[in-house]
Structures are given as C-alpha cells and as structure tokens.
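Before any comments, here is the structure.
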Amino acid sequence: MRADRLVSLVLLLRQRGRLTADTLARELEVSTRTVLRDIEALSAAGVPVYAERGRHGGFALSPGFRTELTGLNHDEALALLTAGPGRGEQVFGLGSALASAMRKVVDALPEGHRATASDAARRFLVDPETDLLARRLVTEEVPDTTMIEVRRAVLAGHKLRIHYAATGRPPQWRTVDPIGLVTVRDRVYLLATRSGADRTYRLSRVLAAEELPEPAQRPDRVDLDRIWRERSARFLSGRDHITVLARVDPARREDLLDTAVAVRAEEPDADGWLRLEVTFQDARHAEWALWQLGTDAEALTPQSLRTSLRDRAAAIATRYGDPS
C-alpha cells in the first residue's frame, strides 16, 4: 500500500540521513519515478523533506523531525532487532512487512537508546545460512503467490483449494479447511482438515493455492502447539517406521540426526561414542542412513538391519576383492 511505503520512505531518511532516489527505490522495491512521486506527496503533506543537488546529493529530512517511543527498554528493543534480520524473516511470506516493522521500531527509540541497541544487535547472528562445516542449510522455497493465498485463507477462516504433490503420487486438487501454519527448521506446514479428517501439508509441495469464499469448518479457538504435538506423535507411530539402536562417533552425530525422523533417547557409551535410539521412515531408510556413516556408526538393533548392512558390505567386498 502507498501509505505504508510513504512511512517506510520517511523512516529510511530519518535513520540513514541523505539518500539518493536510486537507493530509496532499491530499498522500497519500486521504480525511481515512484520514489520521486512519493517525495512530492510527502512535501505536499508538510513533511520537511528536501533535495540536495550535486554529485553527493539526494533527499533528506530537516533535523529533529522524529518521534520517540519511551516504553521500550533496551533488552526489548535488542530482542526485536536481533530476531528481525534472521533467516526466518521470510517465513509465512512476511519478510517485507518485518523489514518495515523493524525500521519503525528503530526509528521510534530515543536517540541514544537507538544507537546502543542497533550496535548491540550487530553482535548477534541468528541462523546463518551455513554451519561450521560449511554445510549450507537448505530452506524450502514457497512461491509468494501460494503463500499469500494460504495465509489469507488461514486468517480469514475460508476454505482453501490446493494443488498438492504428495510423495510418489501425481499432483491433485484438494479442498481443505485450514487451521493454521507451523514452521519447523525452515519448513512450513499447513495444518488442516479434509472432510473432517486431520491433514498436514508441506507448503513446498503445494503447486498452487486458491482461497475460496466459503467459510472453513473449524473451531473459533485453536491451540496449534497441542495440535502439532498430537500430529507429531501420530506420525512417529506410523506403521512403517522402524526404531534403531545405534552407536555413533560423536563427530558424526549430526550426520545421523539429519537423516532420522526422530531421536527417542541418547546417552554416552563406554568408549566415548554415543548410543542413540532413533526412528527412521522404514527399514530401507534406516539401512541407507547407517550405510552413509561407514565405520563411524554401528547398528545394534534390530538384527534384520545388521544383517542387511553385513550383506551389503560383503557384496561390496566381493566386488572390489583381490582380482588374483
């Protein structure tokens, strides 16, 4: 909306001082011509914005044009500023709104308070894109158009039509009653019901979405935390799941956990390794996960998994055995 953009423009000038039209256009994701029109509108409304000509020119506000928010203490401001720039800002498609909100929070702080909180926030980094082993954390992409339609239906309480691609099945259109959205490790899930039955959809598999005018069949009040725990418990008790007791070198712990569905127990073993009880989707998944770790892990139970890993290793040894 233009009103929000005008507010953001003023806040950018107040926080950064003189800025060129090109810089403002990049920050606001609009054209330079739009910025110039907005500057004219602000001037006509009495906002003291003026242009400075020359090589280092740009637009600026008259000194002292600002308001203060005195009810926010240092730690509260720091919490907002630290959380804002994290990788989670794109969750639910609200990245632009969050950036705008952060500008308003910073601008509303008293002068000395603002500088201190902004500097302190730069000392914290939340969820970088890679870990210490330079492994890039993969975020599932959800198109903005899809996210907007899903979010609207959830908030408005309307039915939602989605084109969903379930694993191993051709995409199908389904009409669901949305309950809420949950994000876990940069994956976004839609909790819904379909014909009265509980359904959980991964948003990265939604190829298209359409908010419908009909009201969704759902309760007025919802406890997403409880619903998520219940659905997680049902998922972990799936009939094809297999629980494995394994020993693993601590250096490879994260590699194992990255492939597991869940960790049920963990304790140190006598030789410095870790003893883990983990759940996998099925026997084939468990065999693949343990095989990736080579001699850095050992499956203790079930015996069927040990047998399949032994047979696989024997086949490899035969293939690459002494040709003589």
Side-chain angles (χ1 to χ4, degrees), residues 83-84 86-98 126-127 129 136-212 214-242 254 257-264 278-282 285 289:
R87 295 175 62 245
E89 68 182 11
Q90 296 304 325
V91 171
F92 307 137
L94 296 172
S96 297
L98 180 57
V126 179
D127 286 339
E129 292 187 355
R136 188 175 183 84
L137 303 178
V138 179
T139 302
E140 295 187 344
E141 298 294 333
V142 180
D144 289 343
T145 53
T146 298
M147 179 60 77
I148 290 173
E149 286 295 308
V150 173
R151 192 175 69 231
R152 284 176 177 170
V154 168
L155 295 179
H158 290 168
K159 287 184 178 293
L160 180 67
R161 188 167 177 258
I162 58 175
H163 195 210
Y164 192 72
T167 303
R169 301 178 184 177
Q172 293 182 341
W173 283 99
R174 310 165 187 206
T175 299
V176 302
D177 296 299
I179 296 174
L181 292 167
V182 176
T183 175
V184 181
R185 295 181 181 177
D186 291 325
R187 291 179 178 177
V188 183
Y189 297 90
L190 169 67
L191 305 188
T193 59
R194 183 182 177 206
S195 300
D198 292 344
R199 294 290 185 268
T200 302
Y201 302 100
R202 188 185 296 186
L203 245 59
S204 61
R205 295 176 182 167
V206 176
L207 307 180
E210 178 187 1
E211 178 191 4
L212 302 178
E214 295 89 351
Q217 300 299 312
R218 67 181 192 181
D220 294 332
R221 300 177 66 87
V222 64
D223 184 348
L224 280 185
D225 186 58
R226 176 185 58 79
I227 294 174
W228 180 255
R229 289 198 308 269
E230 291 174 352
R231 295 194 181 187
S232 296
R234 288 201 298 269
F235 176 76
L236 292 177
S237 61
R239 63 181 182 180
D240 293 331
H241 288 180
I242 180 174
E254 294 302 320
L257 299 191
D258 283 347
T259 62
V261 172
V263 181
R264 295 183 177 273
V278 292
T279 299
F280 294 98
Q281 292 177 357
D282 50 35
H285 179 207

Checklist entry - Applying salt bridge (charged side-chain N to carboxylate O under 4.0 Å, His left out), which residue pairs with at least one partner in residues 155-165 are found, sequence neighbours left out? => result Lys159-Asp177, Arg161-Glu210

Checklist entry - Do you know the tightest heavy-atom contact between Phe280 and Ala260? => result CE2-CA, 3.8 Å

Next on the checklist: Just to verify, what does Glu214 make a side chain to side chain donor-acceptor pair (under 3.5 Å) with, not counting sequence neighbours?
Outcome noted: none

Checklist entry - Can you name the nearest heavy-atom pair linking Ile179 to Val154, along with the distance? => result O-CG1, 4.2 Å

Checklist entry - Sequence neighbours excluded, which residues qualify as side-chain contact (heavy atoms from CB on, under 4.5 Å) partners of Glu211? => result Glu149, Arg152, Ala153, Ala156, His158

Checklist outcome for this item: For Arg221, the side-chain contact (heavy atoms from CB on, under 4.5 Å) test, sequence neighbours excluded, returns none

Next on the checklist: Using 0.5 Å steps for rounding, measure from the CG atom of Leu191 to the CG atom of Leu181.
Outcome noted: 7.5 Å

Checklist entry - Does any non-hydrogen side-chain atom of Thr279 lie less than 4.5 Å from one of Ile242? => result no

Item to check | Atom pair CG/CD of Asp223 and Glu230 - distance to nearest 0.5 Å | outcome: 8.5 Å

Next on the checklist: I'd like to check the side chain to side chain donor-acceptor pair (under 3.5 Å) partners of Asp220; sequence neighbours left out, ordered by chain and number.
Outcome noted: none

Next on the checklist: For Asp198, give me all partners under salt bridge (charged side-chain N to carboxylate O under 4.0 Å, His left out), at least two apart in sequence or on another chain.
Outcome noted: Arg231, Arg234

Next on the checklist: Once side-chain contact (heavy atoms from CB on, under 4.5 Å) is applied, do any residues pair with Arg194, and if so which ones, sequence neighbours excluded?
Outcome noted: Arg174, Val176, Arg199, Tyr201

Checklist entry - Is the backbone of Pro178 close enough, under 3.5 Å, to the side chain of Arg218 for a donor and an acceptor to pair up by distance? => result yes

Checklist entry - Can you name the residues that form a side-chain contact (heavy atoms from CB on, under 4.5 Å) with Pro171, not counting sequence neighbours? => result His163, Ala165, Leu207

Checklist entry - What's the spacing between Arg151 CZ and Leu203 CG if we round to 0.5 Å? => result 11.0 Å

Next on the checklist: Set out, in order, the CA-CA distance, both residues' side-chain angles and the distance that settles side chain to side chain contact (heavy atoms under 4.5 Å, CB included) for Leu257 and Val263, then state yes or no.
Outcome noted: CA-CA 7 Å; Leu257 299 191; Val263 181; 3.2 Å; yes

Checklist entry - With sequence neighbours left out, what residues match Ser204 under side chain to side chain donor-acceptor pair (under 3.5 Å)? => result Glu140

Item to check | Val206 vs Val142 side-chain heavy atoms within contact, under 4.5 Å | outcome: no

Checklist entry - Does the pair Leu160 and Val150 meet the rule for a side chain to side chain contact (heavy atoms under 4.5 Å, CB included), with working shown? => result CA-CA 7 Å; Leu160 180 67; Val150 173; 3.9 Å; yes

Item to check | Straight-line distance of Leu190 CG to Thr146 OG1, nearest 0.5 Å | outcome: 11.5 Å

Next on the checklist: Before we go on, tell me: are the rings of Trp228 and Tyr189 under 6.0 Å apart, centre to centre?
Outcome noted: yes

